Amino acid sequence: MTRQTPTPQENPFGPARQVPLVGIARETQELQQPLIDALVQVVRSGRFVLGPVVEQLEREIAQLVGVKHAVGCASGSDALLLALMALDVGPGDEVIVPSYTFFATASAPWRLGARVVFADIEPEGYTLDVDDVARRITPRTKAIIPVHLFGQCADMVRLRQLAQEHRLHLIEDAAQAIGAAMEGAGAGSLGTAGCFSFYPTKNLGGLGDGGMITTDDAHLAQRLRLFRLHGMQPRYHHSVVGINSRLDALQAAALLVKLRRLPHWTARRQENAARYRQLFQQYGLTDWVRLPVTLRGRTHVWNQYVIRVPAEHRDALRAHLAQCGVSTEIYYPVPLHQQPCFASLAAGRLPETERAARETIALPAFAHLEPEEQQYVVQSIAQYVELHSRGKAEAAA
Ligand SMILES: Cc1ncc(COP(=O)(O)O)c(C=O)c1O
């Protein structure tokens, strides 16, 4: 194994170099004037909540995802909540979710009084292990929420078969996966409903919170529109108890500007993933680092580039990278089934989930990342590995 390991002096940017984990500042910089122009137009229009700009975004997202309807709401978390509310999920129902995900995937069914059933993940793509899901289905199961984690779809082909067989709803948590696809069909078009987040770190991020639900089902879309507006139709008449979860025109206007750049930015993320692979190979690190893969039939949009390293080194590597000025993140250090708030579920062990929580670390991979920055990230990891193996050799001598 040939390692080209730089000393700190050889690092092309010196120790003061900072590589952020996400590229929000650079994204906003690229589009600063068009964003300001779009916001000014909304200010002048006087329509700030829902309205024509939100409707335009809903049409464009529906087209991008490949569905008939899209319903804007206040966040990705609310998108999940609204989808479950509109499908009448509540007490007495069970909802199967991964534990290796962001909190909102499980808090939405929990808040509605449904029983949250955690299933394990498969180790390559970090998405639901379909065999484990199948084992956890009971007569009370009403829905499954597969999460297209890090920008890659769960195995929707097998999950759809399972859902059809047991007459279950499939609610895709596509918060991290706008533009991803499976067998050519867009994330968010593969189940009963798809839930998206426009939180600024997402591939399509707004200037604040925002979310959307996609579906082909006209009746469901109409119920989603009802539930996001306090169940009010007509004005001050309430047939169901909904919530207040609407998308702002200011967010929609900013998102429409950014949407034009999404295909290009996605391509840049995909190039970055390919470049990391080359760099890790070039530095002889592929025995030590397990690289993420694109699974069969999937289009990966790389919201996160997550590697695995030996568990005993993960936190020390992260500290070393921080010293080098490289920002990283752990998605997710404590799986949901081990969170104190879900202790009453007594979910038991989920071995692959727990292993992933110990071994994974997300590296910068955003669209505006420069090739030299990527090289610096990999060099910095090589430096850690070199220091560590030297340390081991000295200890053995
Ligand atoms: C997998 C997943 N689900 C749901 C959400 C919730 O989205 P939001 O932050 O817009 O509420 C997020 C993002 O934070 C997410 O990553």
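Remember, it's a predicted structure, so these values are computed and weren't measured experimentally. Numbers here are sequence positions counted from 1.
For the atom pair CG of L159 and CD1 of I96, the computed distance is 9.5 Å after rounding to the nearest 0.5 Å. Note: C195 SG to D78 CG = 10.5 Å, rounded to the nearest 0.5 Å. To the nearest 0.5 Å, the span separating CZ on F118 from CG on L350 amounts to 8.5 Å. Taken to the nearest 0.5 Å, the CG atom of L220 stands 10.0 Å off from the OG1 atom of T214. With values rounded to the nearest 0.5 angstrom, Q164 atom CD is found 7.0 Å from R160 atom CZ. The line from OG1 of T266 to CG of L204 is 9.0 Å long, rounded to the nearest 0.5 Å.
Listed by chain and residue number, nothing satisfies the ring-ring contact (aromatic ring centres under 6.0 Å, His included) test with H337 (two or more places apart in sequence, or in another chain). Under the rule for a side-chain contact (heavy atoms from CB on, under 4.5 Å), the partners of A108 that lie at least two apart in sequence or sit in another chain are L80, L81, L84.
Annotation for R136: atom CZ counts as buried by contact number, over 12 foreign heavy atoms lying within 6.0 Å. Atom CZ of R140 has 12 or fewer heavy atoms from other residues, nucleotides or ligands within 6.0 Å. Remark: H264 NE2 is packed, more than 12 non-hydrogen atoms of other residues, nucleotides or ligands lying under 6.0 Å away. Surrounding CD of E183 are more than 12 heavy atoms belonging to other residues, nucleotides or ligands, all under 6.0 Å away.
Of the possible donor and acceptor atoms, one in the side chain of R277 sits under 3.5 Å from a partner among the backbone N and O of P292. When atom types are taken as modelled, the side chain of Q251 and the backbone of D248 share no donor-acceptor pair closer than 3.5 angstrom. The main-chain N or O of G186 is found under 3.5 Å from a side-chain atom of S189 such that the two form a donor-acceptor pair. Checking side-chain atoms of Q339 against main-chain N and O of V334 turns up a donor-acceptor pair under 3.5 Å. Judged purely by atom type and a 3.5 angstrom limit, T192 uses its side chain to pair as donor or acceptor with the backbone of L170. In terms of modelled atom types and a separation under 3.5 Å, the side chain of Q304 and the main chain of L149 share no donor-acceptor contact. A side-chain donor-acceptor contact under 3.5 Å links R298 to the backbone of C153. Here the side chain of R268 pairs no donor or acceptor atom with the backbone of H368 at under 3.5 angstrom.
Using modelled atom types, one finds no donor on one side chain facing an acceptor on the other under 3.5 Å when comparing Q161 with E165. Side-chain contact check for N272 and R275: at least one donor-acceptor pair (N or O, by modelled atom type) lies under 3.5 Å.
Salt bridge annotation for D120-R349: absent, with no cationic side-chain nitrogen under 4.0 angstrom from a carboxylate oxygen. The residues E370 and R17 are annotated as not salt-bridged, no charged nitrogen and carboxylate oxygen being separated by less than 4.0 angstrom. Using a cut-off of 4.0 Å between Lys/Arg side-chain N and Asp/Glu carboxylate O, R318 and E329 are scored as salt-bridged.
Checked options Y384, Y283, F280; the residue passing with W288 is Y384 (criterion: side chain to side chain contact (heavy atoms under 4.5 Å, CB included)). Just one of F102, Y126, W302, Y305 meets the ring pair (Phe, Tyr, Trp, His ring centres under 6.0 Å) condition when paired with F150; it is Y126. Of the candidates R225, R246, K68, R225 is the only one forming a salt bridge (charged side-chain N to carboxylate O under 4.0 Å, His left out) with E58.
Taking all atoms of both residues into account, the shortest heavy-atom contact from P20 to Q18 is CD-O, 3.8 Å. In terms of heavy atoms, A362 sits closest to L21 at O-CD1, 3.7 Å. Here the closest heavy-atom approach between residue E352 and residue P123 is recorded as OE1-CB, 3.4 Å. Pairing each heavy atom of L321 with each of S380, the nearest pair is CD2-CB, 3.6 Å.
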task: Begin with the C-alpha distance, continue with both residues' side-chain angles, and end with the deciding distance and a verdict on salt bridge (Lys or Arg N to Asp or Glu O under 4.0 Å) for E124 and R290.
output: CA-CA 10 Å; E124 294 288 316; R290 220 164 118 196; 3.0 Å; yes
Derivation of the side-chain contact (heavy atoms from CB on, under 4.5 Å) call for I121 and D129: CA-CA 5 Å; I121 52 166; D129 172 343; 5.6 Å; no
task: Apply the test side-chain contact (heavy atoms from CB on, under 4.5 Å) to residues V147 and T127: give CA-CA distance (whole Å), side-chain angles for both, the deciding distance (0.1 Å), then the verdict.
output: CA-CA 6 Å; V147 180; T127 57; over 6 Å; no
message: Is there a side-chain contact (heavy atoms from CB on, under 4.5 Å) between R358 and E354? Walk through the geometry before answering.
response: CA-CA 7 Å; R358 290 193 301 269; E354 289 161 33; 4.0 Å; yes
field: Residues E60, R260; criterion salt bridge (Lys or Arg N to Asp or Glu O under 4.0 Å); working and verdict
entry: CA-CA 10 Å; E60 296 201 19; R260 311 273 171 270; 2.9 Å; yes
query: Could you go step by step and tell me if L256 and V53 meet the side-chain contact (heavy atoms from CB on, under 4.5 Å) rule?
result: CA-CA 9 Å; L256 280 165; V53 183; 3.8 Å; yes
query: Should D132 and R135 be marked as a salt bridge (Lys or Arg N to Asp or Glu O under 4.0 Å) after you check the CA-CA gap, both sets of side-chain angles, and the distance that decides it?
result: CA-CA 5 Å; D132 196 41; R135 281 192 288 274; 3.3 Å; yes
task: List the steps and the verdict of salt bridge (Lys or Arg N to Asp or Glu O under 4.0 Å) for R223 and D88.
output: CA-CA 10 Å; R223 276 176 68 78; D88 268 332; 3.6 Å; yes
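With a 4.5 Å cut-off on side-chain heavy atoms, T215 and I213 do not count as touching. For the pair K258/W265, a side-chain contact is recorded, criterion being any heavy-atom separation below 4.5 Å from C-beta on. No side-chain heavy atom of D155 sits less than 4.5 Å from a side-chain heavy atom of E122. Using a 4.5 Å heavy-atom threshold, the side chains of V377 and Q374 count as separate. Put simply, the side chain of P52 does not reach to within 4.5 Å of the side chain of Q56, judged on heavy atoms. Contact check for D93 versus L112: no side-chain heavy atoms found under the 4.5 Å cut-off. Counting heavy atoms from C-beta outward, L128 and V130 have side chains that stay 4.5 Å or more apart. Proximity of K202 to I178: side-chain heavy atoms (C-beta onward) are nowhere separated by under 4.5 Å.
At a threshold of 4.5 Å between side-chain heavy atoms, the hydrophobic network of Ile, Leu, Val, Met, Phe, Trp and Tyr places F227 and M212 in two separate groups. L369 is connected to V378 through a chain of hydrophobic side-chain contacts under 4.5 Å among Ile, Leu, Val, Met, Phe, Trp and Tyr, so both are in one cluster. The cluster map of Ile, Leu, Val, Met, Phe, Trp and Tyr, joined by side-chain heavy atoms under 4.5 Å apart, puts L31 and I24 in different clusters. Hydrophobic clustering, with ILVMFWY side chains joined whenever heavy atoms are under 4.5 angstrom apart, keeps Y331 apart from V301. Under a hydrophobic clustering in which Ile, Leu, Val, Met, Phe, Trp and Tyr are joined whenever their side-chain heavy atoms come within less than 4.5 Å, directly or via other members, Y276 and V19 fall into the same cluster.
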Report, one line per pair, each donor and acceptor closer than 3.5 Å where one atom sits in a side chain of residues 39-46; sequence neighbours left out.
from: S45; atom 1: OG; to: V42; atom 2: O; distance (Å): 2.7
from: S45; atom 1: OG; to: R47; atom 2: N; distance (Å): 3.1

